[in-house]
Every structure is written in C-alpha cells, then in structure tokens.
Amino acid sequence: MRTKEIHAAYAGITDALDGGELKTAFDRIQNLISGVQEVSEQNRLNELQDTYRYLLHYYAEGSRDPAREQIYAGIRTGAYELADRIRHQALLSDAGGDHARAWMFSIYHPVGMADLVGQLPALYEKADTAHFETSTEQLFENVWKTLFLSDDVAALLRAALADGRFPAPAKCQLVSALLLGLQRSFDREKLYLLCDAAAAEDLEVRIRALIAVCLTLYRYRQRTAYYPGIRHRLDSLAEAPDFVRIMQTIVLRFILSRETEKVTHKIQEEILPEMMKLKYTSQGEHFGILADFPGDEMNPEWKDSATGDSVTKKLEEYAGLQEEGLDVMHFTFIHLKNFSFFSEISNWFLPFTPRHSCLGARENSPGIGLKTLMQASFVCNSDKYSLFLSLERLPATHRQQMIQQMDSQLGAMNEQQLQELKSRQNRVECITSQYIQDLYRFYKLFPRRAEFDDIFNRALDFHLLPALEPYLSGAETLLSIAGLYLRKGYYEDAQTLYDRLTERDGQDEMLYQKAGYCRQMTGDWQGALAAYLRSELLNPDSKWLLRRLADCYRQLRQPEDALAFYRRYEQASPDTVPVLICMGHCCLEMKKQADALKYYFKADYLSPENPKIWRAIAWSSFLSGKYEQACHYYGKLLERQPQMQDFLNAGHTEWVLQRVRTALTFYRCAAMAEDGGFDKFLALFKQDVPDLLHAGIDPAEIPILLDQLRYVISD
C-alpha cells in the first residue's frame, strides 16, 4: 500500500472507533494488516476481538458485569493504539515512496536518553551554554521523534520534571517535544507526562504544559474519554486555586489567535498606509449621515470597561489591538525567520535568553529598549530571537544606533512593564500569549510546515471538550469566552454559549439580547426574534431592543408588527430620521403609500439633503400616482450621483407621463451603468412590470419599448 492508501485506511479505522463501531474497526484493521503484509500485530488484534466477543456474548445473555464499561474502554483504547502502531510500521515500509513523510513517521531509536537527562542540571549550573544547548536540543529530538515512550524512558522523564534541579528551560523544551510528538501520534505516556509538567512549580513550564494538554485533548477528543487516568490527572490539576483562571486565559488567547491573519492584513493594508498619510490628512473632514441605522450595531449597554471606546485614529487603533492582546508583531517579524537558527525545529519553542550562543558575545549591555522588549508580553520568544539575530548581523555602528533609538522610544515603557510583570495574572497572560504566538509562528512559518498538521486551522474550542468542560463551565468563564467571541464576530460560537447561559439564568435580559443578536448576525431572524421577545418581557423600555425587534419583523415580512415597534421607539426617541424612514418602508410594504409619504416628508424636513429619503419619496410618489412629484425628486437624485435604479425609476415615471423619448434616454443610462449592463437592467425592469401595469402602461407596449431600447443601445 502507498502512503495515501495507508492514511485513508487509518482514517477509516479511527472514524469507526470514534463512532463506537468496533466490529467495523476490527475488520478495517485486519484489511490494513493484510494490505501491508504486517502480521506482527495479528495476535493483538485476535486478543481484542476475542475479548469483545465475550463481552457481547455476556451482554446478549443478560449478564450484569460491573466491570463491563472498564473492559469496553480497554478494548477501544487497545484498538486505537494497535491502529497507530500498524500505521507507522506501514508508513515506514513505504519510505521509498515518500522520503520526507517516511522520515517524519520513522520509529526513532533514542540513544543515551539517561545520559542526556543526567548531565543537563550540571551543565546549566556551570553555565556551559554551548553544551547545555546541544544536550537540550538532542533531548528534544529524542522525545518528539520517539513513537511510543517505553516505561523506563517515561519514568526517567517524569523524574526530571519533578526534579527541582532540572533546568526550567529544558523542561519547557521537553514539554514542546511531547506536544509535537503527540500531534503526530497519540501516546498516553506522553500525555501523562504533560499532566505531570502541568503541576510544576515553575509558572512557564506549567502554562506551556497546560496548553499542550489542551491541544492534545482537542486532537484526540474522542479516544481520550476512554482513558480514566486522564480524568484523574485533570481533577488533580484542578485543585490548584488558579487552574480555572489559567485555563480561561488559554481559551481566550487561542480565540484571539484566530485574528492574527486579519490583524496582519489590517496593519499592512490599512493602518500603515494611513499612518504614512497622517501628516497630510485634514482632521476636519466629516462624513454624511446614514439614512438608515446599520441594523447590526451591538447594544452600547453591553460594553464594559474592558471593551473600551472604539478608536478612530490609526495609531490609537494599533495601540488598541496590542492592548487587547492581539498578535500585532506577526506582521513585523514574518520575514525575519530565514536565519539558519530557525531551520532547527526545537529553536522555534525556546524560551528567550540573550545569552544564547547563536547571538554571539555581547560586549555591551543590550540597552533599556531591548530589555523592555525582552519583558514585553507582545513580543514572543521566537520574535525576540529574530530581533537579536537581525541586530547581530548589522555593523557595530548601525547596531548601536538602532539600540539607542529603541532606548529612546521604549525606555519610558520599562518601568510600566516591570510593574505589570509583578502581577501574577499579567505573568500568566504574558506567558500564555507568548507561547501561543511561538506555536503560531512554527505552524505558519517553519520552512517544512507542510509536513505538520496546522493546529491553527481548527476551531480549538477547548471549553466544549468533554474532558475540559467541567472545569470551564462556570458562568463567569463562559461569559468571558462568549463576550470575546461576540466582539470578534464569531457569532455561532458565541450563540452556543449564550444559549447555555440563558438556560441557566432565565432572568438576565442581556443574555437574551446577545443570544438574539448572534442569531440575527447569522441570518436566523426567527430565532433572533424569539430571543429578543424574551428580553423584551424583562425590559420593555430598551430602545436598542425595540429597534432589533422591529428589524426582525421586517425581515420576516411582517410590516404591521414591525411598525408597532418602530412607533414605540419613536415615542421614546422622537424625530429619529432612520426610524421615520423605516416606518415609511413598513407603510409602503403594507400598500399604504399616503402614510409612507408622511413619514418620508417628515424625515426629509429633519434631514433635507439626504438622497436616500428623496429616493423613498420619489418611489412612493410614483406608486401613489403623483408622477410630477416623483419627477421632481428623481431630478434631484440625477443631479447627484445617481444609481442604476434611479435612472430606471425615472424612466418609469417619464413613460407613464407619455414622455417616451425621455424615458428611453433614462433607460439607456440605466442599461449602460458601470455596475449593470443590459441583463441586469432587464431583470430589474421585469420586477417593476406589475407597478407599470398598475400605473396604466399598456402591456402590449412593453416589448415594443424594450426592442426600441435595444436599437438605441446598439446604435
């Protein structure tokens, strides 16, 4: 079997096991064994099948076995692990077909693991930097490339993680190696080691391990439910008083990582160009008012101190993105990962130290600016290495000038940064953010990244994992997660949590509002209406809510109900132009053109230079038979920046008034509009045929006029 066939067969096995179809999974394992002629695991498959047949037999006989669930879990996990081994052995046998992939899946034979682990503490204490780095790198390679850790090696690594003398940087690298290996193939011992590391005293080791645990549980969310040891270890970790807070921070930071590409594009395409033009741009420009409410703005009452006001200037916007914890530095360092330093996988995960041998001997102090960057949460370890490597390659004079510039620009931040880092919560956020960014850069920028399954292409909604849900189901945690989803526009994700929260607390009007808003933004107007109505029972005076209810009824083609809520809004906030326009629209949809005109004229009085209001008046006048009035307003529109629809409707009006030549002129303009073409014109024209017939146009004249228009256009 070739590599692609092996992967397909393995996927079929795991799908069957995930769905609880063990008989199907056993048959597919048998087919894989036969296909790759790998009979070494046949005995294990036979044992699993025999045990499963006995279990099914006793079940069918009605026997009660208190150990049945435990036995079933053992059979299922055994099948998963058997499939893992056969897959890797099969891929190794196909080395000639795909060398790179075969190397990644090869069964690595570590050499001298005990010696490596034993010598690292002494090398670290003696500050033997070069040898310490080499040994740590070798440990990383040994761990992540070892397919399944033996009991002896697992015990050795477990002791190292528990040893206070074992260097924290080496523990950090050990965690990353375990994570990388687990992303390739499941190994319960590696996951148990991550749980051990997650109980470490060193905060950075602990947080990195918790992140790795989350990613592993997500990757294997089906099978891990059948390992009771995982639940026991998580329960033990959850006894720490800050466990939930750290886990919440991890979830929120991974949500923010979804924004990285958007932030990078925004900086590159919007913020930087605008910053370049700031000195030339007048600050006194104003934009015209909108004719209608946008209809999708969030309720201002939801905002809290953490959300802050929206920023309008590009410099403030950039600072706001950074303050919120978004990855604003990815754009800056995306092109600084070509150093040979980054050709080694382990270096992408290194905790930063300016004493690393790759940075060379530094005769001078790094300066205040660089020290600040070393401590700043918004610059991850990988980017710090990029920065220092870039500086090292500059001539000494230029390097010193750049350091001095950083000192002058960042020196003022130093004290503030130091104060922030004294806070344990800020340290948690800093470490979490930096490690996730390190992971992001590896999966997005590593030269051989195609050989890895990009974890950031997944939802990574850890709070919904059965294994983690018990620890992340508190109301405060769910509100924080849902709020971030909402602010970032992930409405379906937010809706799932708000629905859960409203089930718990049926008296919180804001929860129903937010649940309704999420449904509205995903096009579920009926669901949005139901949620908004629940909120309206609790707070009937919310103007924001009244407007949303009216919008829902309009979208559901219930203009009478919509008009009732618009009127309630108008009573609470008289002379609101967008609401007057919407009320006119409702009347128009109800065929009450005279009432519609009253609302439109009032809106025109309050906002006399609004083309959208003129457009509404003109069309309502046409439908009401007030053709000269319609001509007047279409004339005003055509003097501005007319749309295709304006030319079309002006043509209708002229035709009804028997001014056919003028009508053809307007129709020609509509058909020649840049955003249209004759086909689009014809589609819009046909939609208006019933209104033309109602206005008295002879149906026999329609094809004649359209043919004449075709000749006019072609001449």
Side-chain angles (χ1 to χ4, degrees), residues 129 133 136-137 140-141 144 168-180 183 203-205 207-209 211-212 215 250 253-254 256-261 263-264 267 321-322 325-360 366 369-393 406 410 417 421 427 429-452 454-457 460:
T129 304
E133 292 168 0
T136 303
E137 181 181 313
F140 184 99
E141 290 288 313
W144 98 265
K171 290 181 181 179
C172 287
Q173 288 298 81
L174 178 54
V175 165
S176 296
L178 291 167
L179 168 61
L180 209 59
Q183 288 299 306
L203 189 60
E204 183 162 11
V205 175
I207 291 174
R208 286 183 175 225
I211 291 172
L215 289 169
I250 291 172
R253 292 293 170 171
F254 269 105
L256 288 176
S257 74
R258 295 192 193 183
E259 299 287 293
T260 302
E261 296 304 321
V263 169
T264 298
I267 293 172
L321 294 172
Q322 179 177 304
L326 293 167
D327 190 353
V328 298
M329 305 305 286
H330 183 64
F331 167 75
T332 303
F333 290 96
I334 196 170
H335 302 297
L336 295 177
K337 303 298 181 186
N338 297 321
F339 301 106
S340 59
F341 173 83
F342 291 111
S343 63
E344 179 58 49
I345 291 179
S346 62
N347 288 340
W348 289 81
F349 309 102
L350 271 176
F352 179 77
T353 171
R355 296 186 299 273
H356 195 281
S357 60
C358 74
L359 304 179
L370 288 179
K371 285 182 178 178
T372 300
L373 279 178
M374 288 164 54
Q375 298 169 333
S377 62
F378 56 85
V379 185
C380 66
N381 299 282
S382 173
D383 289 350
K384 290 172 185 175
Y385 280 111
S386 294
L387 174 62
F388 273 73
L389 288 168
S390 300
L391 287 174
E392 287 296 328
R393 279 148 184 78
M406 289 184 182
L410 299 173
Q417 288 282 339
L421 288 172
R427 282 199 66 213
E429 293 178 355
C430 174
I431 294 169
T432 304
S433 175
Q434 288 181 345
Y435 189 53
I436 292 173
Q437 289 175 16
D438 287 332
L439 290 168
Y440 192 90
R441 280 144 183 72
F442 171 75
Y443 281 102
K444 300 296 184 181
L445 303 177
F446 180 56
R448 300 198 308 275
R449 58 188 174 275
E451 299 170 2
F452 296 84
D454 188 351
I455 61 175
F456 291 96
N457 289 337
L460 300 179

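Excluded from the calculations below are hydrogen atoms, water molecules and symmetry mates; all remaining heavy atoms, backbone and side chain alike, are included. We're numbering straight along the sequence, starting at 1.
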Using 0.5 Å steps for rounding, measure from the [atom1] atom of [X] to the [atom2] atom of [Y].
{"X": "S340", "Y": "N347", "atom1": "OG", "atom2": "CG", "result": "9.0 Å"}
{"X": "D454", "Y": "Y440", "atom1": "CG", "atom2": "OH", "result": "7.5 Å"}
{"X": "L439", "Y": "L180", "atom1": "CG", "atom2": "CG", "result": "9.0 Å"}
{"X": "C380", "Y": "F333", "atom1": "SG", "atom2": "CZ", "result": "8.0 Å"}
{"X": "R208", "Y": "L174", "atom1": "CZ", "atom2": "CG", "result": "11.5 Å"}
{"X": "W144", "Y": "L178", "atom1": "CH2", "atom2": "CG", "result": "12.5 Å"}

Could you pull out the closest heavy-atom pair between [X] and [Y], with the gap in Å?
{"X": "V379", "Y": "Q434", "value": "O-NE2, 3.1 Å"}
{"X": "A168", "Y": "V205", "value": "O-CG2, 3.8 Å"}
{"X": "R355", "Y": "T129", "value": "O-CG2, 3.6 Å"}
{"X": "I250", "Y": "I436", "value": "O-CD1, 4.2 Å"}

Subject >> Check: L350 and D438 side chains under 4.5 Å, non-hydrogen atoms >> reply: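 D438 vs L350: side chains apart.
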Polar side-chain atom of [X] near backbone of [Y] as donor-acceptor pair, under 3.5 Å:
{"X": "S386", "Y": "L336", "answer": "yes"}
{"X": "E137", "Y": "S346", "answer": "no"}
{"X": "T260", "Y": "S257", "answer": "yes"}
{"X": "Y385", "Y": "P351", "answer": "yes"}
{"X": "N381", "Y": "F352", "answer": "yes"}
{"X": "K337", "Y": "S382", "answer": "yes"}

**OP:** Could you walk me through whether R258 and D327 pass salt bridge (charged side-chain N to carboxylate O under 4.0 Å, His left out), step by step?
**Re:** CA-CA 10 Å; R258 295 192 193 183; D327 190 353; over 6 Å; no
**OP:** Start with the C-alpha gap between F254 and T432, add the side-chain angles, then the distance that decides, and say whether side-chain contact (heavy atoms from CB on, under 4.5 Å) holds.
**Re:** CA-CA 9 Å; F254 269 105; T432 304; over 6 Å; no
Subject >> Evaluation steps, side-chain contact (heavy atoms from CB on, under 4.5 Å), between N457 and Y443 >> reply: CA-CA 10 Å; N457 289 337; Y443 281 102; over 6 Å; no
**OP:** Might you work through the side-chain contact (heavy atoms from CB on, under 4.5 Å) test for E261 and H330, ending with a clear yes or no?
**Re:** CA-CA 9 Å; E261 296 304 321; H330 183 64; 3.9 Å; yes
**OP:** Could you check E204 against R427 for salt bridge (charged side-chain N to carboxylate O under 4.0 Å, His left out), going step by step and ending with a plain yes or no?
**Re:** CA-CA 9 Å; E204 183 162 11; R427 282 199 66 213; over 6 Å; no
Original post:
Is the F452-F442 ring centre distance short of 6.0 angstrom?
Top reply: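 Ring centres of F442 and F452 closer than 6.0 Å.
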Original post:
Taking the six-membered ring for Trp, are H356 and F341 ring centroids under 6.0 Å apart?
Top reply: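 Aromatic pair counts; centres sit under 6.0 Å.
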Original post:
Any luck finding a side-chain donor-acceptor pair between E133 and S357 under 3.5 Å?
Top reply: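 Yes, a side-chain donor-acceptor pair sits under 3.5 Å.
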**OP:** Could you list the residues that satisfy salt bridge (Lys or Arg N to Asp or Glu O under 4.0 Å) with R449, not counting sequence neighbours?
**Re:**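 Partners of R449 under the salt bridge (Lys or Arg N to Asp or Glu O under 4.0 Å) test: none.
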**OP:** Kindly determine whether L445 and F342 satisfy side-chain contact (heavy atoms from CB on, under 4.5 Å), including the steps that lead there.
**Re:** CA-CA 10 Å; L445 303 177; F342 291 111; over 6 Å; no
